[in-house]
Amino acid sequence: MKYTSTRGGLTGVDFEGVLFSGFAPDGGLFMPEDIPKVDKRILQTWSSYSYIQLVKEICSLFISPESIPRADLEGLIDRAFIRFRHRDIVPITRLKSGLNVMEMWHGVTHAFKDLAMSCVGELLDYFLKRKNKHVTILVATSGDTGSSAIESVRRRENMDIIVLLPHGRCTKIQELQMTTVIEDNVHVFSVDGTSDELDYPIKRLFADSDFVKKHNIMSTNSVNWARILVQIAHFFYGYLQCSPLTELTPVEIIVPTGGAGNITAGCIAQAMGLPIHLVAVVNRNDIVHRTVQYGDFSLGDTKATLASAMDIQEPYNMERILWLLAGSEKSHIKEMMKEFQEKKRVKLPEQLHKKIAGAMTSCVVTDENILGTIGRCWEENHYLLCPHSAVAVYYHYQQMDSNDKSPRCCLAPASAAKFQDVIIKANLTPDIPQEIKDLEKKKTRSHHLTKEDDWEKVLRQTIESISQRKVQ
């Protein structure tokens with residue numbers, strides 16, 4: 001299995017090379033040159049597999065044994081999930097009104113990012129120890145990615161991590177999960193900007209290939225292919241748990257969508273042959289919805305919503321989806337993305353728009369819809385949803401109310417315990433685990449950057465300081 005940039009400037013890259021990259025040197029994102037296919041016989045075999053077994057099978061299709069021998073791969077995946085609180089890792093809770101909720105938040109930080117990030121930490125450690133190397137990881141977060149990335153590398157001597165969080169735009173718990181980790185290899189910056197704005201200095205820095213190479217810099221945002229790879233598994237798990245396999249009945253998977261990494265994994269699962277239909281549900285930051293519905297891939301102003309981790313107007317993983325669906329027109333992606341970068345808008349070609357509209361549908365959910373859905377789910381089931389999970393469940397309720405009883409699985413990306421203010425707004429009482437309560441008693445450490453600061457310069461200075469420390 002080899003990998004290529006979505007913009008065509010680099011091909012034939014092995015898994016290790018992709019793992020240690022952020023954006024490709026030409027500004028694109030890495031994707032597999034070929035998508036492996038899964039037929040009915042394989043699905044029937046996998047129908048009895050646990051989630052962890054599915055992660056192993058999926059990863060082995062995209063990681064050659066020359067990169068990681070199968071026994072080593074299975075061992076590191078087993079280690080990745082040791083800290084999860086539920087034995088099924090992503091249990092599916094079956095509720096009234098035909099509601100199936102995949103709880104993806106049983107990891108250390110109570111968010112679905114732990115699923116892939118725990119594996120990425122082990123994958124990085126595997127290669128770094130083998131080569132006695134050190135890397136510096138750059139991450140921009142809208143809420144959950146930062147804490148999950150920190151947990152995946154904290155106390156590891158061969159990795160330092162720099163996290164940019166949008167000041168005042170995360171929940172208090174999300175922020176505390178980052179700022180209370182006081183380790184020598186963890187560097188947290190609270191920045192006066194939106195999560196989209198935080199991406200810009202990181203993109204510029206990755207464009208400086210000499211600096212990146214000199215300091216061994218990489219990213220574990222979902223620009224990193226390994227994040228997408230691990231996420232493919234939960235689409236297979238959701239399908240196998242919610243479909244009567246003898247009929248291979250299509251299952252609708254409802255995906256709360258911000259940066260579009262998760263739904264990219266779903267599109268790849270589709271391309272592998274999994275009979276699912278995807279629904280991208282967004283909040284008022286609706287660029288993905290406008291792209292699916294009208295072929296209008298254009299930037300809008302980022303709006304603060306109750307589903308704050310989805311407050312993204314520049315979903316960079318859409319480039320992967322467009323590349324995947326472009327077929328023989330893949331060479332056009334580079335020009336499309338160049339136009340988007342320059343004009344902040346691009347109109348999809350008619351055929352490409354038809355393909356993306358065929359692969360998924362979409363839906364916009366308001367704050368009022370979120371609060372109403374949290375209330376309804378509690379009333380019917382005594383089950384608390386986080387605002388992002390409520391975005392998915394809102395779509396399900398709309399379909400049930402219109403008498404559509406197709407098999408459906410709602411992805412629940414975070415625990416309601418992380419969003420106490422929203423639960424209180426819904427006139428309900430949060431249920432807060434002790435480890436989250438304890439965060440408020442811990443010391444915090446972070447560096448505040450204002451609009452007047454040169455963010456890229458600060459990043460460069462921090463990276464140079466890390467490299468100097470490692471030399472000493």
Side-chain angles (χ1 to χ4, degrees), residues 4-11 21-31 138 140 142 164 166 191-212 217 219 221-225 257-261 263-264 267 280 282 284-303 310-357 362 451 453-457 459-460:
T4 181
S5 168
T6 49
R7 301 190 189 181
L10 192 61
T11 60
S21 300
F23 292 92
D26 63 355
L29 300 170
F30 284 109
M31 284 286 280
L138 285 183
S142 59
L164 305 183
V191 186
D192 288 342
T194 67
S195 58
D196 286 328
E197 289 169 338
L198 268 51
D199 283 328
Y200 300 150
I202 291 179
K203 282 184 179 180
R204 288 195 298 271
L205 203 148
F206 273 110
D208 185 348
S209 56
D210 290 339
F211 188 81
V212 168
I217 304 167
S219 175
N221 276 97
S222 58
V223 297
N224 192 300
W225 161 253
T257 301
I263 202 157
T264 297
C267 288
V282 303
R284 290 191 302 138
N285 300 286
D286 63 349
I287 182 171
V288 173
H289 173 70
R290 286 183 283 108
T291 304
V292 173
Q293 295 294 324
Y294 314 113
D296 171 24
F297 188 49
S298 62
L299 209 58
D301 293 330
T302 305
K303 306 172 185 71
M310 293 161 53
D311 291 348
I312 294 170
Q313 279 284 20
E314 197 163 344
Y316 44 76
N317 275 294
M318 283 299 291
E319 181 170 346
R320 282 186 162 120
I321 294 174
L322 298 175
W323 181 91
L324 184 68
L325 298 175
S328 61
E329 304 296 316
K330 284 180 171 39
S331 60
H332 295 169
I333 298 298
K334 180 179 178 179
E335 288 306 312
M336 282 176 54
M337 297 314 299
K338 183 181 178 184
E339 181 181 342
F340 179 75
Q341 287 171 338
E342 290 174 354
K343 300 179 180 178
K344 301 305 180 186
R345 66 170 54 245
V346 64
K347 181 71 175 174
L348 297 191
E350 185 178 352
Q351 284 304 111
L352 184 54
H353 177 222
K354 282 182 180 177
K355 286 181 181 178
I356 196 169
S362 62
K451 291 279 189 185
D453 291 315
D454 185 332
W455 303 347
E456 184 182 347
K457 182 179 179 181
L459 285 179
R460 286 178 180 270

Student: Quickly, which of Ile202, Leu198, Leu164 forms a side-chain contact (heavy atoms from CB on, under 4.5 Å) with Trp455? Name it, please.
Tutor: Leu198
Student: Less than 4.5 Å apart, side chain to side chain, heavy atoms only: is that true for Asp453 and Asp192?
Tutor: no
Student: Side chains of Lys354 and Gln351: closer than 4.5 Å at any heavy-atom pair?
Tutor: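 Of all side-chain heavy-atom pairs linking Gln351 with Lys354, at least one is under 4.5 Å.
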Student: What class does the angle between the rings of Phe297 and Phe340 fall in, given that below 30° is parallel, 30 to 60° is tilted and above 60° is perpendicular?
Tutor: parallel
Student: Check whether Asp199 reaches the backbone of Ala140 with its side chain - one donor and one acceptor, N or O, closer than 3.5 Å.
Tutor: no
Student: Looking at every heavy atom in both Ile356 and Leu325, which two are closest together, and how far apart are they?
Tutor: CA-CD1, 3.6 Å
Student: If you look at every heavy atom in Trp323 and Lys330, which pair is closest and at what distance?
Tutor: O-NZ, 3.0 Å
Student: Do you know which two heavy atoms are closest between Gln293 and Ser362, and how far apart they sit?
Tutor: NE2-OG, 3.0 Å
Student: Just so I know, are the side chains of Asn285 and Ile312 near enough to count as touching, which here means a heavy-atom distance under 4.5 Å?
Tutor: no
Student: Looking at CD of Glu339 and NZ of Lys347, how far apart are the two atoms once the value is rounded to the nearest 0.5 Å?
Tutor: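 Interatomic distance, Glu339 CD to Lys347 NZ, rounded to 0.5 Å: 12.0 Å.
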Student: Does a side-chain N-to-carboxylate-O contact under 4.0 Å join Arg290 and Asp286?
Tutor: yes
Student: What is the distance from atom OG1 of Thr257 to atom NE2 of His289, rounded to the nearest 0.5 Å?
Tutor: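 So the gap between those two atoms works out to 12.0 Å.
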Student: Are the side chains of Lys451 and Glu197 in touch, meaning some heavy atoms are under 4.5 Å apart?
Tutor: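 Lys451 vs Glu197: side chains touch.
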Student: Under 3.5 Å, is there a donor-acceptor pair between the side chain of Ser219 and the main chain of Leu138?
Tutor: yes
Student: To the nearest 0.5 Å, how far apart are CD1 in Ile321 and SG in Cys267?
Tutor: 4.0 Å
Student: Please give me the minimum heavy-atom distance between Gly258 and Pro315, naming the atom from each residue.
Tutor: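 Scanning both residues, the minimum pair turns out to be O-CB, 3.4 Å.
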Student: Gln313: what forms a side chain to side chain donor-acceptor pair (under 3.5 Å) with it, not counting sequence neighbours?
Tutor: none
Student: Output all residues satisfying side chain to side chain donor-acceptor pair (under 3.5 Å) with Ser222, sequence neighbours left out; order by chain, then residue number.
Tutor: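 In terms of side chain to side chain donor-acceptor pair (under 3.5 Å), with neighbours along the sequence ignored, Ser222 is linked to Asn317.
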Student: Could you state the interatomic distance from CZ (Arg284) to NZ (Lys303), rounded to the nearest 0.5 Å?
Tutor: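 With rounding to 0.5 Å, CZ (Arg284) is 6.5 Å from NZ (Lys303).
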Student: When rounded to the nearest 0.5 angstrom, what distance separates CG in Leu459 from CG in Leu205?
Tutor: 6.0 Å
Student: With sequence neighbours excluded, what pairs up with Lys457 under the salt bridge (Lys or Arg N to Asp or Glu O under 4.0 Å) test?
Tutor: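 By the salt bridge (Lys or Arg N to Asp or Glu O under 4.0 Å) rule, Lys457 matches no residue at all.
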Student: Decide, yes or no, whether a salt bridge links Lys334 with Asp26 under the criterion of side-chain N to carboxylate O below 4.0 Å.
Tutor: no
Student: Give the intermediate values and the outcome of side-chain contact (heavy atoms from CB on, under 4.5 Å) for residues Glu314 and Tyr200.
Tutor: CA-CA 11 Å; Glu314 197 163 344; Tyr200 300 150; 3.1 Å; yes
Student: Which of these, Val223, Leu10, Asn224, sits in a side-chain contact (heavy atoms from CB on, under 4.5 Å) with Phe30?
Tutor: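 Of the listed residues Val223, Leu10, Asn224, the side-chain contact (heavy atoms from CB on, under 4.5 Å) partner of Phe30 is Leu10.
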Student: Is any side-chain heavy atom of Ile287 closer than 4.5 Å to a side-chain heavy atom of Met318?
Tutor: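 Counting from C-beta outward, Ile287 and Met318 never come under 4.5 Å.
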Student: Tell me, yes or no, whether the heavy-atom count around Lys338 atom NZ, taken from other residues, nucleotides or ligands under 6.0 Å, exceeds 12.
Tutor: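 No, the 6.0 Å shell around NZ holds no more than 12 heavy atoms from other groups.
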Student: Any salt bridge linking Glu329 with Lys355? Criterion: basic side-chain nitrogen under 4.0 Å from a carboxylate oxygen.
Tutor: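 Here Glu329 does not pair with Lys355 in a salt bridge, since their nearest N and O are not under 4.0 Å apart.
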Student: If you look at every heavy atom in Pro166 and Ser195, which pair is closest and at what distance?
Tutor: CB-N, 4.2 Å
Student: Any luck finding a side-chain donor-acceptor pair between Ser298 and Asp296 under 3.5 Å?
Tutor: yes
Student: Does the Thr6 side chain pair with the main chain of Leu29, one donor and one acceptor, at a distance under 3.5 Å?
Tutor: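 Checking the backbone N and O of Leu29 against the side chain of Thr6, a donor-acceptor pair under 3.5 Å is found.
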Student: Can you tell me how far CE of Met336 sits from CG of Leu352, rounded to the nearest 0.5 angstrom?
Tutor: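 One finds 5.5 Å between CG of Leu352 and CE of Met336.
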